[in-house]
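We use all heavy atoms of the structure for the numbers below, so side chains are in, but hydrogens, waters and symmetry mates are not.
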Amino acid sequence: MARYLIVNADDFGMCHSANLAVKNLFESKRIKSTTIITVAPWAKEAVKMIKEDPKLIRAGVHITHTSEWDTYRWRGFLDIKELQDSDRCFFKTTDEALKVDIDLRIKEAKAQIQWAIDQGIEITHLDNHMRTCMDHEEELLKICYEHNWGYRIHAQDGVSDKALEYLKDHDVSVPDYLNYTDGKVVSDNMTYESHAAMYKHMLHVMPEGINEWFSHPALETDELKAIAPDWRIRVNDYRFLMSDEFIETLKEENIQLIGYEDIAIIRGKR
């Protein structure tokens, strides 16, 4: 089998700096997939960008139950008290979110999905911000199966037995590998040079099949620096994906960029 790569830009809608980066990457044909944090402050701008060219920007929903930063926060659509901290925003950590009954987490997830549908977005797939449903991923897989959407699964990182069992009996488009590194890459992720070296190595060792990288691209702005402690990583993601060395390495390794909607076609199921 050939080597395929989905580069998914997580956190579309998080802020203006992220939105501009995602739009630039689509226009430059560097990515074919993104997911929106529908509850984030700049989600409406992300929707506007999609509607300007719906064939260009293909988007899924980044199911969210956490709001991890100190001064830039968001809450859910349904105002579920069990999902809120003392600021009436989502919890900052995955561990706190996982203590909430799964029925409430899925109820909020469905509200986020419905918001995207109501905006007129043709959803390609779901993924889960900070893995707040890792104990019951089969519940999100059920939604994807019902709508014929793809789903990001962490096949190499603690997928629940129930989720794996569900995938055996239901055809959901999922990648074969997620952020595959072969276990040998060590990078501080802070300098651009180490960041680029990590990504180039991942391209060199990428296995046959359908791979996904999740990335968090954003432009280097005062806005981003005020929001995100990990702003350097986000800027480096953007710089590498926009670089000539990314495109050149893809060509050297004969790796084809795809989106989630292409998985079923590649596997001969559409």
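- With a 4.5 Å cut-off on side-chain heavy atoms, H65 and M130 do not count as touching.
- Applying the salt bridge (Lys or Arg N to Asp or Glu O under 4.0 Å) test to D85 and every residue at least two apart in sequence or in another chain returns R73.
- Under the ring pair (Phe, Tyr, Trp, His ring centres under 6.0 Å) criterion, the residue pairs touching residues 10-40 are H16-W42, with sequence neighbours excluded.
- Screening residues 181-197 for salt bridge (Lys or Arg N to Asp or Glu O under 4.0 Å), with sequence neighbours left out, gives no hits.
- If you chain together hydrophobic residues whose side chains sit under 4.5 Å apart, I233 and Y199 never meet in one group.
- Side-chain atoms of Y238 and N24 include a donor-acceptor pair closer than 3.5 Å.
- Atom CD of E253 has more than 12 neighbouring heavy atoms from other residues, nucleotides or ligands inside a 6.0 Å radius.
- For the pair V39 and E108, the minimum side-chain heavy-atom distance is below 4.5 Å.
- Listed here is the closest heavy atom pair of A218 and A21: CA-CB, 3.5 Å.
- When hydrophobic clusters are built by joining Ile, Leu, Val, Met, Phe, Trp and Tyr residues whose side-chain heavy atoms come closer than 4.5 Å, directly or via intermediates, I143 is grouped together with V174.
- Applying the salt bridge (Lys or Arg N to Asp or Glu O under 4.0 Å) test to every pair with at least one member in residues 5-21, sequence neighbours left out, gives these pairs: D10-R152, D11-R234.
- Each of V7, D127, L178 was compared with F214 under the side chain to side chain contact (heavy atoms under 4.5 Å, CB included) criterion, and only L178 meets it.
- By the 30° and 60° cut-offs, the orientation of the rings of W213 relative to F240 is tilted.
- For the residue pair N128 and Y151, no side-chain donor N or O sits within less than 3.5 Å of a side-chain acceptor on the partner.
- Two residues are said to be in side-chain contact when any heavy atoms from C-beta on lie closer than 4.5 Å; E212 and S33 fail this criterion.
- Under the salt bridge (Lys or Arg N to Asp or Glu O under 4.0 Å) criterion, D70 pairs with K92, sequence neighbours left out.
- Side chain to side chain, E223 and S17 meet the donor-acceptor criterion of an N or O pair below 3.5 Å.
- Residues V159 and A163 share a closest heavy-atom pair of CG1-CB, 3.7 Å.
- In this structure, N254 places its CG atom where only 12 or fewer heavy-atom neighbours from other residues, nucleotides or ligands lie under 6.0 Å away.
- Residues M14 and L224 form a side-chain contact, since some pair of their non-hydrogen atoms from C-beta on lies under 4.5 Å apart.
- Between the N211 side chain and the L5 main chain, no donor and acceptor come within less than 3.5 Å of each other.
- Between R232 and V235, the closest side-chain pair of non-hydrogen atoms is not below 4.5 Å.
- Applying the side-chain hydrogen bond (donor to acceptor under 3.5 Å, both in side chains) criterion to D135, with sequence neighbours excluded, gives R105.
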